[in-house]
Amino acid sequence: MNGQNFIDGQWVDSHTHDTFESRNPADRDEVLGTFPRSNAKDVDEAVHAARKVFPAWRAMSRIKRGEVFDQFVQLIKKDHEELSRLMARECGKAINESRADVTEGIHMAQYVFGAARMPAGDVIASEIPEKDAYMRRHPKGVVAAITPWNFPFAIPLWLLGPSLVEGNTVVFKPSEDTPLMGQKVVEYLERAGIPPGVLNLVQGDGEDAGRPLVAHSDVDVVAFTGSFDVGSEIRKVCAQSPHKMAVCEMGGKNAVIVFDDADFQIALNAALLSAYKTTGQRCVSSGKLIVHEALYSKFCEVFVKLSKRVNIGDPLNEKTLMGPLINESGRKKMEHYNDLARKEGGRVLLEGGGLRGVEYGKGCYVSPFVYQMDYTPKSRVLREEVFAPNVAIVPFRTIEEAIAIYNDTDYGLALAVITEDYRKARRIREECEYGLGYVNLPSIGAEVHLPFGGVKRSGTGMPSAATLIDAVTHRTAWTVNNAKEIKMAQGLKAEIE
Ligand code: NAD
């Protein structure tokens, strides 16, 4: 397919006339399409189009704006399987996970469609009985939505859904690793009736398309999901414009904490799913299993035994648990951290990393790398995001130690605690730093109506998904006097003497 940008309701090529390819990470010989390598001029046109239609879109009934998403859901449901298969081919995600990604996008669209009929503010009491006071939400203006490759359908919907239904217009730049899924999101919203200019698509990489979009003076909110390095640069750029808000959801160094009273089966399954789903490439994947010393050797033995059995292969095969990594640099990064684990004193239980046999030769396949590691503060491999199946199993004795091992990272995104003791779970809840906590579950899994976001290097304290409404709207106070004279709050005299 020859992909294009979508600007002011028209499918157009980039001013650069340059393109890039999207290739299947499971078979680098397969080209899924070519897409425009956009530049600042394309970005400027897209932002201009979004700004121009903002007043008309804002003036439309919120319920009518929501109905676009109802129509979108009808269309996506018909093509659910086709889209899931395209996703599996474009980003290498196992087919059942690709289906879940499309379903999550549907859920977000359903949520905003329903939310459109819910209150858009509050009626608030006033000190003066004759006054009516309201909090009303106003859209901020033009939202730049910049997304990662690993949830190429759901995350765009998390950002576009609340932004558009609340009356903002959008310029969307998907990841250069998944431009095809980005184009599909926009094609379906166009078919669902989004008016020209309200949603614009600019394809390209971070340098030439992402940077000018973030820096554009007519963008009001940058809603970004991706790595810490990029997110922190975006925050710095936005801080230079007093009006511009940056909402950045970034990486994680997550953990599963297994207590001595844990249900062993739940602990194992939670650890395996947290470590290996999406081949460890979720922001909430766990590369740190913090296991009580009483269970430690048995846990290590069985975890390694099951890790050896993980099905690695074609993402379109229903039995596959781990498809390939997204690209060659993902594989190099994993190998770098495998070496670092050895250097920092890790005892390797399962050698893993790049797979290059006939079956895997055309893709960026890896197998799990599992190691035992005694806790030493500031260990880089226990603190940094690997984004691959590199898994440390770290023993602990007391709950204080478990909390210290978990918190010893600059990230604060997700944790799972496996215990039958509510007091232990409660202490983890209170003393660990995270945005998403799970009890007797894996550290992965999202529902669109729950906040999704982390603390420290993981986020900006403004969670994504449904709660993005707080970033893309401004809360206004509207106060109406119904008396025949002016009455002021705080007992302030209303007459000039
Ligand atoms: P990335 O940061 O490399 O890229 C994300 C997006 O930013 C892409 O669209 C890219 O083109 C763009 N970009 C790159 N440089 C830019 C710049 N200078 N200015 C503007 N845009 C720029 O991330 P990725 O590799 O696509 O995704 C993986 C990362 O995303 C991981 O760190 C993962 O933890 C994180 N992630 C976080 C969440 C979350 O909700 N917290 C969810 C999914 C993924």
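The structure displayed is predicted, hence computed values, not measured ones. Every number for a ligand or one of its atoms is a count from 1 in the order of the listing.
The six-membered or imidazole ring of Phe369 lies near that of Tyr371, with a centre-to-centre distance under 6.0 Å. A centroid separation of 6.0 Å or more is found between the aromatic rings of Phe69 and Phe113.
With Ser84 as the partner, the side-chain contact (heavy atoms from CB on, under 4.5 Å) test is satisfied by one option alone out of Thr103, Val102, Asp101: Val102. Lys140 pairs in a side-chain contact (heavy atoms from CB on, under 4.5 Å) with only one of the listed residues (Val219, Thr473, Asn168), which is Asn168.
Within the cation-pi definition used here (under 6.0 Å to the ring centroid, within 45° of the axis), Lys93 qualifies as a partner of Phe151.
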Could you go through ligand 1 and note, for every N or O atom, any protein N or O atom closer than 3.5 angstrom, writing the atom names and distance to 0.1 Å, or 'none'?
residue, atom, partner, partner atom, Å
ligand 1, 2 (O), Ser227, N, 2.8
ligand 1, 2 (O), Ser227, OG, 2.6
ligand 1, 9 (O), Thr147, O, 2.8
ligand 1, 9 (O), Lys173, NZ, 3.1
ligand 1, 11 (O), Lys173, NZ, 2.9
ligand 1, 11 (O), Glu176, OE1, 2.6
ligand 1, 11 (O), Gly206, N, 3.4
ligand 1, 18 (N), Glu233, OE2, 3.4
ligand 1, 26 (O), Trp149, N, 3.4
ligand 1, 30 (O), Gly226, O, 3.3
ligand 1, 32 (O), Glu385, OE1, 2.7
ligand 1, 34 (O), Glu385, OE2, 2.6
ligand 1, 41 (N), Met250, N, 3.4
ligand 1, 41 (N), Met250, O, 2.7

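Between the side chains of Asn254 and Tyr434, not a single donor N or O lies within less than 3.5 Å of an accepting N or O.
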